[in-house]
Chemist: 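I have a structure I would like to understand better, so I am pasting it below and will then ask my questions one at a time.
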Amino acid sequence: MARYNSKEVEDKWQRRWAADGAFAVQADPSRPKYYVLEMFPYPSGRIHMGHVRNYTLGDVVARYKRARGFNVLHPMGWDAFGLPAENAAQEKKVHPAAWTYDNIATMRAELKRMGLSLDWDREIATCHPDYYRHQQKLFLDLHKAGLAYRKESAVNWDPVDMTVLANEQVIDGRGWRSGALVEKRLLSQWFFKITHFADDLLQALEGLDRWPERVRLMQQNWIGRSEGARLAFDVVGSDEKIEIFTTRPDTLFGASFLAVSPDHPFAAARAAGDAALAEFIAECKRTGTAEAELATAEKKGYDTGARVAHPFVDGHTLPVYVANFVLMDYGSGAIFGCPAHDQRDLDFARKYGLPVLPVVTGPNAPAEIGDVAYDEDGPATRIVNSGFLDGLDVPAAKKAAIARIKADGRGEGTVNFRLRDWGVSRQRYWGCPIPMIHCDHCGVVPVPEDQLPVLLPDDVTFDRPGNPLDHHPTWKHVECPQCGAKARRETDTCDTFVDSSWYFARYCSPRADTPLVRDEVDYWMSVDQYIGGIEHAILHLLYARFFTRALQTCGYLKVAEPFAGLFTQGMVCHETFRGADGRWLTPEEVERRADGSWHELAGGQPVTVGRVEKMSKSKKNVVDPGRIIDQYGADTARWFMLSDSPPDRDMEWTEAGVQGAWRFTQRLWRLADEPRDPLAEKGSALPEGGADDADALALRRETHKTIAAISRDLDAFTFNKAVARIHELANSIEDCRSVTPAAAFARREAIEVATRLIAPMMPHLAEEMWQRLGHDTVLVDMPWPEADPALTREDSVTIAVQVGGKLRATLEVARDMDAKALEALALADEAVVRVIAGRPVRKVVVVPNRIVNVVV
RNA sequence: GCAGGCAUGGCGGAAUCGGUAGACGCAGCGGACUUAAAAUCCGUUUUCCGUAAGGAAGUGGGGGUUCGAGUCCCCCUGCCUGCACCA
């Protein structure tokens with residue numbers, strides 16, 4: 001017996017597929033298309049198990065849809081701009097471009113060894129001028145369409161490194177590299193007007209019926225549409241006004257304070273004459289920009305001493321606070337507080353001794369407000385202590401209050417979104433330059449299209465703090481395209497989320513000299529199946545949805561939605577190991593001894609086995625896919641990835657699991673290479689009378705049921721179940737020991753079907769088995785097998801018989817036996833009679849083909 | 001803090017519509033083959049009581065709906081993801 005040599009076999013078929021150009025595709029309007037896309041990788045150095053899982057899932061879909069007759073587009077590329085390249089440049093003195101392209105070369109080779117059915121002719125890298133020049137054109141188009149604009153916004157500023165920090169680079173309020181206290185600073189930056197599409201982005205979620213429900217929910221909450229009112233309060237003793245946004249205008253009579261954001265102009269104005277307030281605002285600015293940080297910070301306020309007039313109660317005034325929990329980016333940056341009916345306001349009021357006046361009552365309302373606000377707002381509620389609103393329910397009171405506000409000319413009902421415009425400016429080198437020029441005379445001037453691309457300069461250094469583009473000696477100095485005067489290039493580059501917001505469309509015509517080609521993109525888009533991590537559920541997916549709408553607005557394509565189908569995969573996890581001194585250890589540094597204890601390979605000290613956690617460099621619980629492929633082959637790695645856990649759940653990578661997959665790989669190979677019992681000749685027909693051969697018929701039934709079941713599993717993304725069914729089919733093949741001609745026929749049929757069914761999952765093994773079975777066709781060109789309905793239908797069913805809900809017997813009966821007959825059979829059953837023990841039968845529930853429940 | 005999700009044997013998981021809980025695999029145990037090991041093959045494996053036949057309990061915890069709940073509803077606990085400059 002020739003032991004299956006994965007290395008030779010996989011190499012052989014990869015060469016064959018490449019030589020045949022098996023996965024190169026062209027748009028072909030005469031054929032149905034299917035676009036499969038996995039989220040493209042960041043070229044961080046080497047591929048990791050998360051990539052292996054992601055691309056295995058995508059490849060199963062791509063190969064399956066191909067067998068189903070679709071013209072399948074399955075491209076690959078690189079999300080190649082970003083911060084890590086600049087960190088590498090600083091730490092290792094490598095140019096970001098060199099570092100990135102080296103990584104791409106390594107990772108491309110690793111991906112190729114996985115045997116993915118990718119059209120490599122369409123490969124793109126977002127850091128390549130051939131990609132980002134088109135992005136610059138799109139930026140200009142968005143600008144022209146009014147979808148890109150400038151405004152001020154807050155960033156995390158590191159005063160020592162003189163740079164803007166990402167939220168993840170701020171640790172306990174300090175810069176990760178410098179250790180300096182980070183401060184919030186306002187910068188003028190570029191924004192994309194995602195809020196222009198807020199309503200559409202929200203409403204269109206409903207049509208995304210092949211997206212996970214939870215992702216749609218998360219996006220819905222993120223967009224956060226709320227109906228309410230804008231309302232101006234008059235500041236007492238001045239003609240200033242403070243405009244607030246509220247969703248609860250019905251509770252205005254219960255208001256006890258106003259609060260404005262520390263970034264609000266009113267706060268700044270008051271701080272000019274109030275040193276303590278200025279200090280309070282400065283303190284608020286020391287909190288980072290991350291919302292999680294703001295939300296968990298202790299709620300604090302400062303009484304400005306100013307008062308505003310209550311809009312409905314003459315002579316009544318409210319204090320104005322500056323409060324750290326009021327966001328300048330949401331609503332109008334100011335709120336009114338009604339402590340009785342909002343938890344946050346109540347906490348604030350208790351802390352600063354402000355009045356708590358209940359104005360809403362209802363069936364579950366407490367007699368008195370303690371530490372819990374009463375926030376019911378349904379039709380069973382009644383407004384009290386509220387003048388003209390008294391007696392109304394909350395929804396009616398909202399309408400009445402808004403009508404009054406409008407009549408008084410103080411404001412109006414509005415719809416507000418939590419969603420904020422997308423800030424795309426980054427003060428960094430390794431990104432797509434924003435094609436704009438700042439002229440002292442003309443203002444902001446777009447780079448003329450015939451001057452694109454704005455190339456990144458190569459000669460940059462990272463040994464000075466700040467943005468290399470900003471202190472490059474010549475790069476930013478240009479003439480104004482309008483007036484010819486000396487002007488400055490925009491030195492900000494694009495957020496890398498912009499790069500990943502249209503790459504899927506670029507794949508349709510990756511070498512075109514316009515960003516997109518109408519015919520190509522209209523044929524291929526939308527992506528039929530997009531696959532990636534749940535961590536992208538909001539930002540990346542929302543930005544891509546926005547950008548596709550922007551492209552549509554600019555006339556580039558016809559669809560609004562980039563991804564018709566979405567699948568979010570789980571993470572790859574592994575046990576963690578720590579040495580006696582607490583150091584994390586890699587799985588390769590430890591061994592499990594026969595008694596089950598774990599020790600370090602070097603030195604033999606005992607090892608603590610920790611929790612199973614997401615593979616990460618910091619915890620060293622990583623397994624290198626390259627090593628696994630060397631040792632077991634790509635098919636085994638792919639098979640194990642698919643085998644145990646459902647794709648949307650986290651999975652645990654274990655050595656034992658891979659070994660099990662490896663053993664099964666060998667077992668499948670043996671089925672074709674040296675079957676235990678004889679196979680019929682290739683292409684032979686079912687022998688005469690074979691349909692009555694019981695063993696053969698049983699195997700044939702199993703085979704055809706497996707075809708049907710695996711087809712369902714692949715459609716439903718339950719790949720782990722598909723794997724289990726292949727195991728079951730293999731068991732059935734080996735359990736059929738009959739040597740009749742009919743059995744030999746059934747066996748060949750079963751083995752050939754198994755070979756074709758595993759092809760999307762273990763493509764190399766499948767090809768090799770197919771060849772070993774005597775075929776000279778290649779499986780990548782074979783259609784998917786069809787199940788024979790005559791063989792998938794069962795004639796008899798097993799009925800569970802319960803007494804009082806407890807299983808007491810099972811009945812083997814003909815399919816579709818009627819309820820009366822089932823009831824009679826069940827009541828006659830010996831075990832059932834014994835359990836009933838003469839008690840009167842009160843009721844019998846019969847569900848045909850399923851269950852009989854006798855109630856006593 | 002807010003939003004979303006997940007929880008089933010020693011482990012990963014299965015259970016299509018509310019209808020036999022534990023398919024399939026891993027690990028374990030027993031056996032065959034072997035000088036031996038690996039590989040392979042056969043058997044066994046939710047827990048508790050029982051020699052057995054059989055019985056009882058059981059899907060993170062508590063409550064509810066139902067003839068019947070892993071599945072539906074309410075409350076709680078733990079863990080995971082995201083929070084707008086990581087990608």
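In what follows, chains carry the letters A, B, and so on, assigned in the order in which the sequence lines appear, proteins first and then strands, with residues in each chain numbered from 1. All of these numbers come straight from a predicted model, not from anything done at the bench.
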Chemist: Report the distance from atom CG of N720(A) to atom C1' of rG13(B), rounded to the nearest whole Å.
Modeler: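 Atom-to-atom, N720(A) to rG13(B), this comes out as 7 Å.
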
Chemist: Syn versus anti for rC41(B), judged by chi lying within 90° of 0?
Modeler: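 Nucleotide rC41(B) adopts anti.
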
Chemist: Please determine, for the side chain of T798(A), which listed nucleotide (rU40(B), rC42(B), rU20(B)) has the closest atom?
Modeler: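 Looking only at heavy atoms from C-beta outward on T798(A), the closest nucleotide is rU20(B).
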
Chemist: Looking only at side-chain N and O atoms, does K721(A) come under 4.0 Å of OP1 or OP2 in rA15(B)?
Modeler: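 For rA15(B), OP1 or OP2 has a side-chain N or O of K721(A) closer than 4.0 Å.
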
Chemist: Indicate whether the side chain of T576(A) and that of N621(A) have a donor and an acceptor atom separated by less than 3.5 Å.
Modeler: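 There is no such pair between these side chains.
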
Chemist: Do the side-chain N and O atoms of Q189(A) and S153(A) include a donor-acceptor pair separated by under 3.5 angstrom?
Modeler: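 Yes, S153(A) and Q189(A) have a side-chain donor paired with an acceptor closer than 3.5 Å.
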
Chemist: Counting just side-chain N and O atoms, does R649(A) come under 4.0 Å of either OP1 or OP2 of rG5(B)?
Modeler: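 Answer is no, no contact under 4.0 Å.
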
Chemist: How far, in whole Å, is rG62(B) from rU71(B) if one measures between their P atoms?
Modeler: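 Their P atoms lie roughly 13 Å apart.
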
Chemist: Would you say N221(A) reaches rG4(B)'s phosphate, i.e. side-chain N/O to OP1/OP2 under 4.0 Å?
Modeler: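 Checking N221(A) against rG4(B): at least one side-chain N or O falls below 4.0 Å of OP1 or OP2.
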
Chemist: On a whole-Å scale, what distance lies between the C1' atoms belonging to rA27(B) and rU66(B)?
Modeler: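 Comparing C1' positions in rA27(B) and rU66(B) gives a spacing of 39 Å.
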
Chemist: Using whole Å, what does the distance between atom C1' of nucleotide rA14(B) and atom CG of D713(A) come to?
Modeler: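 That distance rounds to 11 Å.
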
Chemist: What's the gap between rG22(B) and rC11(B) when it is taken at their C1' atoms, as a whole Å value?
Modeler: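 Their C1' atoms lie roughly 13 Å apart.
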
Chemist: Answer yes if the side chains of N167(A) and N156(A) hold a donor-acceptor pair under 3.5 Å, and no otherwise.
Modeler: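 There is such a pair (donor and acceptor under 3.5 Å, judged by atom type) between the side chains of N167(A) and N156(A).
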
Chemist: If the threshold is 4.0 Å, N to carboxylate O, is there a salt bridge linking K705(A) and E794(A)?
Modeler: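 Salt bridge present between K705(A) and E794(A).
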
Chemist: Please state how far atom CD in E575(A) lies from atom P in rG10(B), giving the value in whole angstrom units.
Modeler: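 Whole-Å distance recorded here is 17 Å.
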
Chemist: How does each nucleotide of nucleotides 56-70 of chain B score, in 5' to 3' order, for protein heavy atoms under 4.0 Å: base (B), sugar-phosphate only (S), or none (-)?
Modeler: SS---------BS--

Chemist: Say you pick atom P in rA23(B) and the same atom in rG43(B); how far apart are they, in whole Å?
Modeler: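 Approximately 15 Å lies between the P atom of rA23(B) and that of rG43(B).
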
Chemist: Quantified in whole Å, what is the P atom distance between nucleotide rA21(B) and nucleotide rU46(B)?
Modeler: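 Here rA21(B) and rU46(B) have their P atoms 15 Å from each other.
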
Chemist: How many whole angstroms separate atom CG of D644(A) from atom C1' of rC11(B)?
Modeler: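 It works out to 9 Å between those atoms.
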
Chemist: Whole angstrom is fine here: how far is it from CZ in R216(A) over to C1' in rA3(B)?
Modeler: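 After rounding, the reported distance stands at 17 Å.
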
Chemist: Could you give the distance from CZ (F547(A)) to CZ (F197(A)), rounded to the nearest 0.5 Å?
Modeler: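 Answer rounded to 0.5 Å: 11.0 Å.
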
Chemist: Below 6.0 angstrom between ring centroids: does that apply to Y131(A) and W502(A)?
Modeler: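 Distance test on ring centres: under 6.0 Å, yes.
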
Chemist: Could you work out the separation of rU65(B) and rG55(B) based on their P atoms and round it to a whole Å?
Modeler: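 Comparing P positions in rU65(B) and rG55(B) gives a spacing of 28 Å.
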
Chemist: Using a 90° cut-off around 0 for syn, call rG9(B) syn or anti.
Modeler: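 Syn conformation for rG9(B).
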
Chemist: Throw together a table of side-chain donor-acceptor distances under 3.5 angstrom for residues 649-656 of chain A, partners on residues two or more places apart or in other chains.
Modeler:
{"residue": "D650(A)", "atom": "OD1", "partner": "M571(A)", "partner atom": "N", "Å": "2.8"}
{"residue": "T654(A)", "atom": "OG1", "partner": "G657(A)", "partner atom": "N", "Å": "2.9"}
{"residue": "E655(A)", "atom": "OE1", "partner": "R627(A)", "partner atom": "NH2", "Å": "3.3"}
{"residue": "E655(A)", "atom": "OE2", "partner": "Y632(A)", "partner atom": "OH", "Å": "2.8"}

Chemist: If we call it a pair only when both distances are under 3.5 Å in a Watson-Crick or G-U wobble match, what pairs with rC83(B)?
Modeler: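 rC83(B) is paired, partner rG1(B).
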
Chemist: What is the distance from CZ of R663(A) to C1' of rC26(B), rounded to the nearest Å?
Modeler: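 Rounding to the nearest Å, CZ of R663(A) and C1' of rC26(B) are 8 Å apart.
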
Chemist: Looking only at atom C1', what distance separates rG60(B) and rG5(B), rounded to whole Å?
Modeler: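 Going atom to atom, C1' in each nucleotide, I get 15 Å.
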
Chemist: Please figure out whether V835(A) or H727(A) has its closest RNA chain B nucleotide nearer the 5' end.
Modeler: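 The residue mapped nearer the 5' terminus is H727(A).
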
Chemist: Using atom C1' of each nucleotide, how far apart are rU59(B) and rG12(B) to the nearest Å?
Modeler: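 Roughly 15 Å separates the two C1' atoms.
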
Chemist: Does K299(A) make a cation-pi contact with F348(A), if we ask for NZ or CZ under 6.0 Å from the ring centre and within 45° of the axis?
Modeler: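 Ring-cation test returns no.
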
Chemist: Which nucleotide, if any, forms a Watson-Crick or G-U wobble pair with rG54(B), using both distances under 3.5 Å?
Modeler: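 Pairing partner: rC49(B).
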
Chemist: Please encode protein proximity along nucleotides 72-87 of chain B as a string of B, S and -, counting only heavy-atom distances under 4.0 Å.
Modeler: -------SSSSBBBBB

Chemist: Going by atom types alone, do R418(A) and N221(A) pair a side-chain donor with an acceptor below 3.5 Å?
Modeler: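 R418(A) vs N221(A): no donor-acceptor pair found between side chains.
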
Chemist: Take the protein atom CZ of F664(A) and the nucleotide atom P of rC26(B), then report the distance between them rounded to whole Å.
Modeler: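 Going from CZ in F664(A) over to P in rC26(B) covers 10 Å.
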
Chemist: Scan S643(A) against the nucleic acid and name what it touches under 4.0 Å (heavy atoms): base, sugar-phosphate only, or nothing.
Modeler: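 If one applies the 4.0 Å heavy-atom cut-off, S643(A) turns out to touch nothing in the nucleic acid.
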
Chemist: Does rC6(B) have a Watson-Crick or wobble mate here (both distances under 3.5 Å), and if so which one?
Modeler: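 Result: rG78(B).
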
Chemist: Starting from C1' on rG12(B), measure out to CH2 on W653(A) and report it in whole angstrom.
Modeler: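 One finds 14 Å between C1' of rG12(B) and CH2 of W653(A), rounded.
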
Chemist: Could you tell me if D161(A) and S178(A) have a donor-acceptor pair between their side chains, going purely by distance under 3.5 Å?
Modeler: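 Judged by distance alone, the side chains do not pair up.
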
Chemist: Regarding D421(A) and T195(A), is there a side-chain donor-to-acceptor distance under 3.5 Å anywhere?
Modeler: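 There is such a pair (donor and acceptor under 3.5 Å, judged by atom type) between the side chains of D421(A) and T195(A).
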
